[in-house]
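Numbering starts at 1 and runs along the sequence shown. In each ligand, atom 1 is the first atom listed, and ligand 1 is the first ligand listed.
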Amino acid sequence: MAEHYIPDDLPTRIQHYINGEFVDSVSGKTFDVLDPVSNETYATAAAGQQEDVDLAVAAARRAFTEGPWPRMKPRERARVLNRIADAVEAQETRLAQLETFDTGLPITQAKGQALRAAENFRFFADLIVAQFDDAMKVPGAQINYVNRKPIGVAGLITPWNTPFMLESWKLAPALATGNCVVLKPAEFTPLSASLWAKIFKDAGLPDGVFNLVNGLGEEAGDALVKHPDVPLISFTGETTTGKTIFRNAAENLKGLSMELGGKSPAIIFDDADLDAAIDSTLFGVFSLNGERCTAGSRILVQRGIYEEFCEKYAARAKNIVVGDPHDPKTEVGALVHPEHYEKVARYVEIGKGEGRLLAGGGRPENMPAGQENGNYIAPTVFADVKPDARIFQEEIFGPVVAITPFEDDAEALALANNTRYGLAGYVWTNDLTRAHTFSQNLEAGMVWLNSHNVRDLRTPFGGVKASGLGHEGGYRSIDFYTDQQAVHITLGSVHTPKFGATAQN
Ligand code: NAD
């Protein structure tokens, strides 16, 4: 085993959690889990198959039809959610250590993720208590109201980039609204998902409401998507996987929420605060190792400040601290898995033929003992990238950025919208009119002006074009996880055409 930090009491066997019990796969099948610094197997995880998903869905279905959870008052469920948030906050350090060990994310950034996970539970606890629906009066004729109901068993399928936080993003609204769930976490990073089981049990969530099935996407994930007793699938992951899920969910006409890939532009006009834009666009693509769906991975810079921007940006990128994810000084850690490392490294090589390499370009040099085998890529900056280049068009999901010059607003907009994706956009200008006009014309689900991605949990979250279908966030998540039944009450006599009432001869 390579010399590097290993958290205390690291589990070496990761199981499913079904109906309040940790269990292995019925078949006994497992898969190996690697840590991204040594690339050695540190645990085996239960590889869920159809029969394991069937058991989990049956438990969730029973908890939904017979158990108290869907019938509890919002305040009662909110109390449980707040206890969950308390427990996540109390375990912040442990959670961050496990998450960093499993994903390779820098420890300082993993800590932020644990707090965000707790906040997601608090936020939806508040929202379901405050939530109300309309009643509508037709004077003298009808009163109509909305009867909002949980839907049933929600299938939650999540990626590996910020596993625990993204799981919380789905678990919190699904549970808050009274649904029961089956979570299928990403196979690269199954470690932290098991922590939910104890957190939920201790907080008073009834058995069967939360179920966890580990496994490969094509096996466990596929079985969940095709299961007839799972009316909802909330998925976050790659666009190609999203298309497969969309096709497979069609047979049972499921409700789908799809948060998919991105290739988001950051547009820097020549009147922007250049230093702030440089800080923010460095953070925007190199935080979370560049494994961030909303990464500003294409930077478009107005011609007059282009060379100055490139020079300053590259100098800072070269100075970014790449290293042991557990070291608090580390700014970019190890990519999650050797397969993903190979993919990102391939794009770096492609980029060398498509742009002017200003920083990085492969493995960082002189990694210390114990780190030589890690999935490290030096923050890589390419300038003069043409819009038809693959590194301009395709999601790399690593610490690699493409910089392209533009002359005026029209060219900037054409370049910004020139991809199949439409998740986020970042606009840097001090001109108020341009800021609003430009932002509103961006084909992006979310836009930040003079900032990187800073979330307000009440706002819509999601992409357009190939970046997703549907928006979650705030009340939109409540809408996704509930049916809104319209109940109509007649006041007085109802006016009905009297079919068959006329005598026939
Ligand atoms: P992925 O699509 O490979 O896997 C995501 C999940 O889907 C995993 O749990 C996987 O096991 C499962 N899966 C795979 N094939 C499946 C199938 N046929 N049926 C059912 N489930 C299946 O994505 P990833 O590599 O884990 O994550 C990276 C991607 O996620 C990037 O494209 C990134 O942009 C995207 N992402 C998007 C957002 C967002 O909110 N838009 C957030 C984070 C990540």
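Contact analysis leaves G242 out of contact with ligand 1, as no non-hydrogen atom separation drops below 4.0 angstrom. Residue contact check for ligand 1: F188 places no non-hydrogen atom closer than 4.0 Å to it. Proximity of A186 to ligand 1 is established by a heavy-atom distance of less than 4.0 Å.
Residue G217 holds the heavy atom nearest to atom 19 (N) of ligand 1 of all those in G468, G261, G217. For atom 38 (C) of ligand 1, the choice among S257, S467, C293 with the nearest heavy atom turns out to be C293. When the heavy-atom distances from atom 1 (P) of ligand 1 to L260, I396, T241, N161 are ranked, the shortest goes to T241.
The line from CD of E167 to OG1 of T189 is 7.0 Å long, rounded to the nearest 0.5 Å.
Close contacts of ligand 1 with G221, meaning ligand atoms under 4.0 Å from a residue heavy atom, involve 19 (N), 20 (C), 21 (N). Close contacts of ligand 1 with K184, meaning ligand atoms under 4.0 Å from a residue heavy atom, involve 8 (C), 9 (O), 10 (C), 11 (O). In summary, the atoms of ligand 1 found under 4.0 Å from a heavy atom of I245, numbered by their order in the structure, are 19 (N), 20 (C), 21 (N). Ligand-side atoms of ligand 1 in range of T236: 5 (C), 36 (N), 37 (C), 38 (C), 39 (C), 40 (O), 42 (C), 43 (C), 44 (C), range being under 4.0 angstrom from any heavy atom. Taking every non-hydrogen atom of D222 and a distance limit under 4.0 Å, the qualifying atoms of ligand 1 come out as 19 (N), 20 (C). Shown in contact with F461 at under 4.0 Å from a heavy atom are these atoms of ligand 1, numbered in order with element: 40 (O).
Among all non-hydrogen protein atoms, the one lying nearest atom 7 (O) of ligand 1 is F235 CE1, 3.2 Å. Residue, atom and distance of the protein heavy atom nearest to atom 28 (C) of ligand 1 are F397 CE2, 3.5 Å. Nearest protein heavy-atom contact of atom 24 (P) of ligand 1 is W160 NE1, 3.3 Å. Among all non-hydrogen protein atoms, the one lying nearest atom 35 (C) of ligand 1 is G237 O, 3.3 Å. Looking only at protein heavy atoms, the nearest one to atom 27 (O) of ligand 1 is P159 CB, 3.2 Å. In terms of protein heavy atoms, atom 34 (O) of ligand 1 is closest to E395 OE2, 2.5 Å. Closest protein heavy atom to atom 11 (O) of ligand 1: E187 OE1, 2.5 Å.
Not counting sequence neighbours, the partners of N120 by the side-chain hydrogen bond (donor to acceptor under 3.5 Å, both in side chains) test are S168.
Residue I157 touches ligand 1 through its side chain alone, judged by heavy-atom distances below 4.0 Å. Contacts of L423 with ligand 1, taken as heavy-atom pairs under 4.0 Å, involve the side chain alone. Contact annotation: for L224 versus ligand 1, there are no heavy atoms closer than 4.0 Å. Using a 4.0 Å cut-off between heavy atoms, P185 contacts ligand 1 through its backbone alone, with no side-chain atom that close.
Annotation: T158 places an N or O atom under 3.5 Å from an N or O atom of ligand 1; distance criterion only.
Of the possible donor and acceptor atoms, one in the side chain of D324 sits under 3.5 Å from a partner among the backbone N and O of H326. Looking only at distances, no side-chain donor or acceptor of R148 sits under 3.5 Å from a matching main-chain atom of Q484.
Side-chain contact check for E395 and Y421: no donor-acceptor pair (N or O, by modelled atom type) lies under 3.5 Å.
Salt bridge absent: K29 and D24 never bring a charged side-chain N and a carboxylate O closer than 4.0 Å.
In summary, the aromatic rings of H340 and W160 are positioned with their centroids under 6.0 Å apart.
Under the 6.0 Å distance and 45° angle rule, R292 does not count as a cation-pi partner of F397.
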